[in-house]
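As structure tokens, the structure follows; a few thoughts come after it.
Letters A, B, ... are given to chains in the order of the sequence lines, protein chains preceding strands, and every chain is numbered from 1. Note that the coordinates shown come from a computational prediction; the quantities given were computed from them, not determined experimentally.
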Protein chains: 2
Amino acid sequence: MQNRNISDIIEKYLKSILADSQKIEIKRSEIAEQFDVVPSQINYVIKTRFTIQNGYLVESKRGGGGYIRIAKVNLIDDTDVLDQLIDLIGESITSGKALQIIQSLYEDKFLTQKEANLVLATMDRTTLDFADKRLENVVRARILVSVLNRLRCAD
Amino acid sequence: MQNRNISDIIEKYLKSILADSQKIEIKRSEIAEQFDVVPSQINYVIKTRFTIQNGYLVESKRGGGGYIRIAKVNLIDDTDVLDQLIDLIGESITSGKALQIIQSLYEDKFLTQKEANLVLATMDRTTLDFADKRLENVVRARILVSVLNRLRCAD
DNA sequence: ATAATAATAGTCAATATTAGTCAAAGTTGG
DNA sequence: CCAACTTTGACTAATATTGACTATTATTAT
């Protein structure tokens with residue numbers, strides 16, 4: 001019970017820092033060394049425990065002076081709607097259905113008019129324009145789901 | 001946070017000067033000496049951080065009295081610059097370069113932070129995530145050009 | 001004027017320094 | 001035993017740093 005796995009311990013450590021500050025910046029190799037694990041385990045911890053659903057945004061940079069940044073974000077109250085929409089979209093969606101969803105997001109004030117227009121522009125039929133329409137609908141679904149996940153953040 | 005790479009520091013320094021004046025003129029060797037790097041690193045900083053995607057135009061002259069001039073430009077208002085940018089994007093763009101462009105648009109206040117984040121979400125590496133990276137970059141280019149053209153009609 | 005030299009900046013490729021991906025192997029709770 | 005979760009490491013990708021070599025322009029000497 002007390003000796004949990006090392007991923008849990010690293011998670012707890014990072015979250016204890018995030019309790020004080022809104023965001024942290026780490027060097028993957030340093031944290032890995034500190035806890036005596038291989039560097040890629042840090043990626044595992046982040047991928048399983050610092051997701052957007054949990055209220056964390058992660059960005060990173062490779063190369064000299066590289067880093068991993070983890071930021072705590074405020075999630076909106078009503079994520080159910082987003083969950084349901086993501087569920088509904090699944091793996092594939094037509095441009096018509098995507099339009100309906102974006103319109104409803106606008107009506108429910110998740111998006112301003114300009115935001116809605118921008119999002120629409122990214123996924124409309126003439127923008128994506130795949131020969132293979134099946135693939136186009138898959139890509140559109142990924143884009144729309146990504147937008148919906150972004151909307152979880154209240155800022 | 002403090003141990004960033006020297007390229008970022010040079011970038012920040014140059015941009016801090018550009019915050020006051022629309023353009024600056026530097027001597028490559030002087031800046032290199034000031035930050036204790038080889039002169040060609042200045043070229044690296046410029047090539048990676050002061051491109052047209054970033055909203056900057058650069059001109060230079062060699063020989064005695066040589067210089068490098070960097071000028072801030074406006075990506076959307078100036079139709080020529082926008083055309084040039086779209087031209088540069090062409091049929092394909094990496095996520096890194098796309099990020100630079102979106103950041104410039106945000107800095108120039110053509111996009112709010114939320115709009116920028118939404119747009120970024122649509123073309124992020126993890127969103128599009130094609131096995132065929134070449135195709136991924138093509139799709140990203142289409143999305144980005146579509147966004148730029150949408151911004152053109154300011155509403 | 002012309003040629004030689006000096007004083008710049010540019011290019012490119014090798015190397016270094018990070019982080020990411022993925023799948024195999026190990027562990028654990030039910 | 002099985003399924004889910006964790007750990008590991010080989011391989012990949014992105015970014016930064018460096019320096020040798022090249023190109024261009026200005027100045028000086030003839």
Between [X] ([atom1]) and [N] ([atom2]), how many Å, whole number?
X: B:Asn5; N: C:dA19; atom1: CG; atom2: C1'; value: 14 Å
X: A:Arg28; N: C:dT21; atom1: CZ; atom2: C1'; value: 10 Å
X: A:Arg4; N: D:dT7; atom1: CZ; atom2: C1'; value: 17 Å
X: B:Ile10; N: D:dT15; atom1: CD1; atom2: P; value: 18 Å
X: B:Phe35; N: D:dT18; atom1: CZ; atom2: C1'; value: 18 Å
X: A:Ile6; N: C:dT27; atom1: CD1; atom2: C1'; value: 15 Å
X: B:Asp129; N: C:dG20; atom1: CG; atom2: P; value: 15 Å
X: B:Ile26; N: C:dA9; atom1: CD1; atom2: P; value: 8 Å

Does OP1 or OP2 of D:dT15 have a side-chain N or O of B:Ser7 closer than 4.0 Å? no
Establish, with yes or no, whether the OP1 or OP2 oxygen of D:dA14 is under 4.0 angstrom from a side-chain nitrogen or oxygen of B:Arg125. yes
May I ask you to list the residues of residues 92-105 of chain B, by number, that have any heavy atom positioned under 4.0 Å from an atom of DNA chain C? none
The correct set of residues in residues 36-51 of chain A placing a heavy atom under 4.0 Å from DNA chain C is A:Ser40, A:Asn43
Taking only the side-chain heavy atoms of B:Ile68 (C-beta and beyond), determine which of D:dA16, C:dA19, C:dA9 contains the nearest atom. C:dA9
Under 3.5 Å: donor-acceptor pair, side chain of [X], backbone of [Y]:
X: B:Asp108; Y: B:Phe110; value: no
X: A:Lys72; Y: A:Gly55; value: no
X: A:Arg142; Y: B:Leu128; value: no

Apply the test salt bridge (charged side-chain N to carboxylate O under 4.0 Å, His left out) to residues A:Asp78 and A:Arg152: give CA-CA distance (whole Å), side-chain angles for both, the deciding distance (0.1 Å), then the verdict. CA-CA 8 Å; A:Asp78 187 12; A:Arg152 291 176 192 281; over 6 Å; no
So B:Arg49 and B:Asp8, salt bridge (charged side-chain N to carboxylate O under 4.0 Å, His left out) or not? Walk me through it. CA-CA 9 Å; B:Arg49 292 152 165 88; B:Asp8 281 347; 2.6 Å; yes
Roughly how far, to the nearest 0.5 Å, is CD1 of A:Ile70 from CD of A:Glu59? 11.0 Å
Mind checking side chain to side chain contact (heavy atoms under 4.5 Å, CB included) for A:Val38 and listing every partner two or more places apart, or none if nothing turns up? A:Ser40, A:Gln41
Hits for ring-ring contact (aromatic ring centres under 6.0 Å, His included) against B:Phe50, two or more places apart or cross-chain, chain-then-number order -> B:Tyr56
Letter per nucleotide, 5' to 3', of nucleotides 25-30 of chain D [B base touched, S only sugar-phosphate touched, - untouched; heavy atoms, 4.0 Å]: BS----
Does a donor on one side chain and an acceptor on the other come within less than 3.5 Å for B:Thr51 and B:Asn54? yes
Could you list all the ring-ring contact (aromatic ring centres under 6.0 Å, His included) pairs where at least one residue sits in residues 7-26 of chain A, not counting sequence neighbours? A:Tyr13-A:Phe35
Any heavy-atom pair between the side chains of B:Ile143 and A:Ile143 that's under 4.5 Å? yes
